[in-house]
Amino acid sequence: MSGTTIPVLVVGSGPTGLAAATLLGQYGVDCLVLDRWESIYPQPRAVALDDEVHRILGRLGVAEEFAGISWPCHGLRLVDRSMRVLAEFRRDGVARHGYPQEALFDQPELEALLRANLQRYGSVVRRGGAEVTRLTQDADGVSVDVTDTSTGRRESMRARYVLGCDGANSAVRSWIGSTMRDLKFSQRWLVVDVATTAEFAEWEGVHQLCDPVRAGTYMRVGKTRYRWEFQLLPGETADDYRDPRRLHTLISPWTKHVPVDHLEIVRITDYTFRAQVADRWRDRRVFLLGDAAHLTPPFIGQGMGAGLRDALNLAWKLAGVLDRTLPEPLLDTYQAERGPHVRAMIRLAKLMGFAMTGGGETGNLVRRVIAPRMHLLPGLSARAMDSRTPALCRSALVRRPRLRRGLAGTLCSNAPLGDGRRFDDVAAGRFALVTATEPAAAQRAELERRGVVVVQVTPGSDLHGWLARGRACAAIVRPDGTVLSTGSAGRPTQALPWPTAVRADS
């Protein structure tokens, strides 16, 4: 670290903190990551991500390594308490971003990849055994008090910005006076992770047990790893199921003939799934990301992914402010964009949870009648398995028309460009102009001087079709892959509204 003030200090080195630090490192930003723990938390937690989040792993540079530790998910199967299949929604092949529609994994293995990858960036330093004990702000920056957890030694440091990625019990959140707003969802579930070389011979997708008495979920998350989640009844705790014989009564519909002593219990715990969002994600120079800012039920597998989306949304803006190519007020777009998106995903998770498990015996009867007939509705399976998330709301960096939908706020597809590369390979974390018309020579030269990538698309290509479906002839794509604005047919690309400035390097 050069100088006496650290440009960005990240509190917490879970997936969100590591992602934010990696992205900042890619922009050459000096960054210090502090974590009270030296080693990776060994227990599995998050287990699923979709192709949009997989794309973020590609931006971080670990997509190939992640493919080696992840397990393909073939979709979702709804089963009743007798294990009769009510409905099945398949996910097959590679999605529009060039990655599987859904992948399952073991979180400690993913964190190990992210930590190793972080070492590629000389501007980023991670320190374990360093507990942040206080933050105070003034006009010039943030004072951070840190205690070495092994020696008790205390020190103070200065940072221009601080990112609170310190989880659901975030101390950073309390220091900035932010509070969690309850979105009226709280359920206690038993979470069981098992390792075994035995084969259960089950369908390789997520099994959702639609039982109003005890809802449950089963999935294979690796070659030898399995996850179950069961809703706990009133008065029950994880301790009630630490006896393998009693646990077997819950998991035997899937393990069948496999003896209990062939199953290694990796983790068994109870966890309260909540739906909460912080009222403020920013206080001057301090930001909240990941679980520090929001908590979601697990029914659509978006918990960890939401934190990675936070990191991708904020990192390029912060890098631009630090090198003075973007004005500081644009940092207000972080919560303005991510907050409504998170709330929409939480609402969807709650809805999916109720549709699969709610309504008591009446709901169970409705599911038994309707679910087996869902395949008769045209396009329902495709919509149910579509991983596209909502467009970002209007902001200074999303120029959406008020009265019609368009591409602004949506993700530009990571489409193939015909030369073996995809869009992200070419854009590489910079602003890009995707256009169906040839820019004037002077305009192209000016864009390239400012570090903007020009992607000219041809008829018949994926991106040309994408522009056409969005009724646009050109689109400005931000460094996070989100469309800032579009130009319609007959409108010269020179008239597209750009931010005050853009990055001049990659």
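Residues satisfying the side-chain contact (heavy atoms from CB on, under 4.5 Å) criterion with A116, sequence neighbours excluded, are absent altogether. Qualifying side-chain contact (heavy atoms from CB on, under 4.5 Å) partners for I300, counting only residues two or more places apart in sequence or in other chains: Q302, M345, L348, A349, M352. Every residue two or more places apart in sequence or in another chain that forms a side-chain hydrogen bond (donor to acceptor under 3.5 Å, both in side chains) with E202 is listed here: K256. Among residues two or more places apart in sequence or in another chain, the side-chain hydrogen bond (donor to acceptor under 3.5 Å, both in side chains) test is passed with D35 by S13. In this view, D145 and R134 satisfy the salt bridge (charged side-chain N to carboxylate O under 4.0 Å, His left out) rule, not counting sequence neighbours. Not counting sequence neighbours, the partners of W189 by the ring-ring contact (aromatic ring centres under 6.0 Å, His included) test are F273, F299. Scored by the side-chain hydrogen bond (donor to acceptor under 3.5 Å, both in side chains) test, R188 finds no partners at all (sequence neighbours excluded). Listed by chain and residue number, D243 satisfy the side-chain hydrogen bond (donor to acceptor under 3.5 Å, both in side chains) test with R245 (two or more places apart in sequence, or in another chain). Every residue two or more places apart in sequence or in another chain that forms a salt bridge (charged side-chain N to carboxylate O under 4.0 Å, His left out) with E229 is listed here: R227. Residues passing the side-chain contact (heavy atoms from CB on, under 4.5 Å) test with T179 are R181, D279, sequence neighbours excluded. With sequence neighbours left out, R120 forms a salt bridge (charged side-chain N to carboxylate O under 4.0 Å, His left out) with no residue at all. In terms of the salt bridge (charged side-chain N to carboxylate O under 4.0 Å, His left out) criterion, residue partners of R267 (sequence neighbours excluded) are, by chain and number, D193.
Side-chain contact, H207 with T217: no donor N or O sits under 3.5 Å from an acceptor N or O. Between the side chains of R96 and S413, not a single donor N or O lies within less than 3.5 Å of an accepting N or O. No donor-acceptor contact under 3.5 angstrom links the side chains of Q101 and D50, judged on distance only. Side-chain N/O atoms of E236 and Y241 include a donor and acceptor closer than 3.5 Å.
Within the 4.5 Å cutoff, no side-chain heavy atoms of V206 are placed close to those of Y218. Two residues are said to be in side-chain contact when any heavy atoms from C-beta on lie closer than 4.5 Å; D51 and P100 fail this criterion. Counting only heavy atoms from C-beta outward, the side chains of V453 and L433 never approach each other to under 4.5 Å. Using a 4.5 Å heavy-atom cutoff, the side chains of C393 and P340 are in contact. Between L163 and L9, every side-chain heavy-atom pair lies at or beyond the 4.5 Å cut-off. With contacts defined as side-chain heavy-atom distances shorter than 4.5 Å, the pair D283/Q137 qualifies. When side chains are defined from C-beta on, Y121 does not count as touching Y27, because their heavy atoms never get closer than 4.5 Å. You'll find the side chain of V483 stays beyond 4.5 Å of the side chain of I476, heavy atoms only.
Residue N169 places its CG atom among 12 or fewer non-hydrogen atoms of other residues, nucleotides or ligands, all under 6.0 Å distant. At most 12 heavy atoms of other shown residues, nucleotides or ligands fall within 6.0 angstrom of atom CD in E64.
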Original post:
Yes or no on side-chain contact (heavy atoms from CB on, under 4.5 Å) for W316 and L23, after CA distance, side-chain angles and deciding distance?
Top reply: CA-CA 8 Å; W316 67 273; L23 292 165; over 6 Å; no
**OP:** Could you go through the salt bridge (Lys or Arg N to Asp or Glu O under 4.0 Å) check for R220 and E199 one step at a time?
**Re:** CA-CA 10 Å; R220 184 176 188 172; E199 286 288 339; 3.0 Å; yes
Subject >> Chi angles and distances behind the side-chain contact (heavy atoms from CB on, under 4.5 Å) call for R282, L288 >> reply: CA-CA 6 Å; R282 179 191 183 188; L288 302 178; over 6 Å; no
Original post:
Can you check salt bridge (Lys or Arg N to Asp or Glu O under 4.0 Å) on R115 and E109, steps first, answer last?
Top reply: CA-CA 10 Å; R115 286 195 183 192; E109 290 186 326; over 6 Å; no
**OP:** Using the side-chain contact (heavy atoms from CB on, under 4.5 Å) rule, take V10 and C31 through it: C-alpha gap first, then chi angles, then the decisive distance, then the call.
**Re:** CA-CA 7 Å; V10 179; C31 180; 3.6 Å; yes
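Taken to the nearest 0.5 Å, the CG atom of L484 stands 12.5 Å off from the SG atom of C412. One finds the CZ atom of R214 at 8.0 Å from the CG atom of L190 (value rounded to the nearest 0.5 Å). With rounding to the nearest 0.5 angstrom, the CG atom of L295 is 7.5 Å from the CD1 atom of I346. Note: C165 SG to L34 CG = 11.5 Å, rounded to the nearest 0.5 Å. Taken to the nearest 0.5 Å, the CG atom of L24 stands 10.5 Å off from the CG atom of D30. One finds the CD atom of Q335 at 15.0 Å from the NE2 atom of H341 (value rounded to the nearest 0.5 Å).
What you find for N414 and D424 is that their closest heavy atoms are OD1-N, 2.9 Å. Closest approach of E111 and I40 over heavy atoms only: OE1-CG2, 3.7 Å. When all heavy atoms are compared, the tightest approach of G235 to D240 is O-OD2, 4.1 Å. Here the closest heavy-atom approach between residue D140 and residue D138 is recorded as N-OD1, 2.9 Å. Smallest separation of non-hydrogen atoms from F105 and A46: CE1-O, 3.6 Å. Counting all heavy atoms, side chain and backbone alike, S123 lies closest to V29 at OG-O, 3.0 Å.
Ring orientation note: the planes of Y99 and H54 are close to parallel, at an angle under 30° on the 30°/60° scale. Under the 30°/60° scheme for interplanar angles, the aromatic rings of W254 and F230 are found to be tilted.
Of the charged side-chain nitrogens involved, none lies within less than 4.0 Å of a carboxylate oxygen, so that E52 and R388 do not count as a salt-bridged pair. The pair R450-E448 does not meet the salt-bridge criterion, since no charged nitrogen lies less than 4.0 angstrom from a carboxylate oxygen. In summary, R126 and E38 do not engage in a salt bridge, as defined by a charged side-chain N under 4.0 Å from a carboxylate O. Ion pairing of E131 with R154 is absent here, as no side-chain N (NZ or NE/NH1/NH2) approaches a carboxylate O to less than 4.0 Å. At a threshold of 4.0 Å, the pair R284-E328 does not count as salt-bridged, since none of the basic side-chain nitrogens sits closer than that to a carboxylate oxygen. Using a 4.0 Å cut-off between a side-chain N of Lys or Arg and a carboxylate O of Asp or Glu, R478 and E337 qualify as a salt bridge. Under a 4.0 Å N-O distance rule, the pair D239/R242 qualifies as a salt bridge.
Between W281 and Y334, the distance separating the two ring centers is shorter than 6.0 angstrom. Y226 and W71 have their aromatic ring centers separated by at least 6.0 angstrom.
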